[in-house]
Structure formats: C-alpha cells, structure tokens
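Each remark here refers to the structure printed beneath this line.
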Amino acid sequence: MKLGALVLVVLLALPASGSEVVSVERAQLFPDGGTAAVEVEGGCWLSESRCIRTASEIERLRAENESLRQQAGDVSFTIAVVALLAGLGAGFAVAKLAER
C-alpha cells in the first residue's frame, strides 16, 4: 500500500524535464521508520540545488542590506529641520507666485 501511494505521488508530482520546482496537488508522505503518514494538499517543493541557491541569495541580500544601512548613516536633526524649512519656504513662494 505504501509503495503504491508513493508511486502515485511521484507520478503526479513529476516535474517537467529540467524543472526545479514540483507542484503538488495532493500527496501522502511516509517518513522513514514512521508509522503515521502525512497528508499534503497543494503547494510546491523545491529541488535541493534550488533551495541552496535561494538560501545563498537571501544571505547575499541581507549582507547588502546591512552594508547599505551602514553607508546611509544617521540623518542629523539639524539637516532634517533645514530640509523641512526649505520645503515650507519653497511651497510658500510657489503659492505667492500662483496668486499673481
């Protein structure tokens, strides 16, 4: 029974040739040495190579994000106030010019 269910799952879940992602509609998994089966309905499984590449890409993006945060530094309060006042002044000047 277990072998028949496993063969059925494999036949239903076989990816297209060269695909790294397996789409699963319904499957029944039997862990090694386990007596209970796990029912899976819907989802997808990634190949081992795809998982490794995805994990390394996530790690690269985290390092890049941290590097960008360090490069940005903190904006001082004075710069923020000057930018706000310059924006308000420019808005006021445009409003006065629009009245004419």
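Note that the coordinates shown come from a computational prediction; the quantities given were computed from them, not determined experimentally.
Residues meeting the side chain to side chain donor-acceptor pair (under 3.5 Å) test with R50, sequence neighbours left out: none. In this structure E57 satisfies the salt bridge (Lys or Arg N to Asp or Glu O under 4.0 Å) test together with R60, sequence neighbours excluded. For S56, the side chain to side chain donor-acceptor pair (under 3.5 Å) criterion is met by no residue, not counting sequence neighbours. Residues meeting the side-chain contact (heavy atoms from CB on, under 4.5 Å) test with E99, sequence neighbours left out: K96. A search for side-chain contact (heavy atoms from CB on, under 4.5 Å) contacts involving I79 returns V75, S76, not counting sequence neighbours. Shown here are the side-chain contact (heavy atoms from CB on, under 4.5 Å) partners of L97, two or more places apart in sequence or in another chain: there are none. With sequence neighbours left out, the side-chain contact (heavy atoms from CB on, under 4.5 Å) criterion links L68 to E64, Q71.
Hydrophobic cluster membership for F77: V81, L85 (Ile, Leu, Val, Met, Phe, Trp, Tyr linked by side-chain heavy atoms under 4.5 Å, directly or transitively). The hydrophobic cluster containing L84, built from Ile/Leu/Val/Met/Phe/Trp/Tyr side-chain heavy atoms closer than 4.5 Å, also comprises L88.
Between the CG atom of N65 and the CD atom of Q70 there is a distance of 10.5 Å, given to the nearest 0.5 Å.
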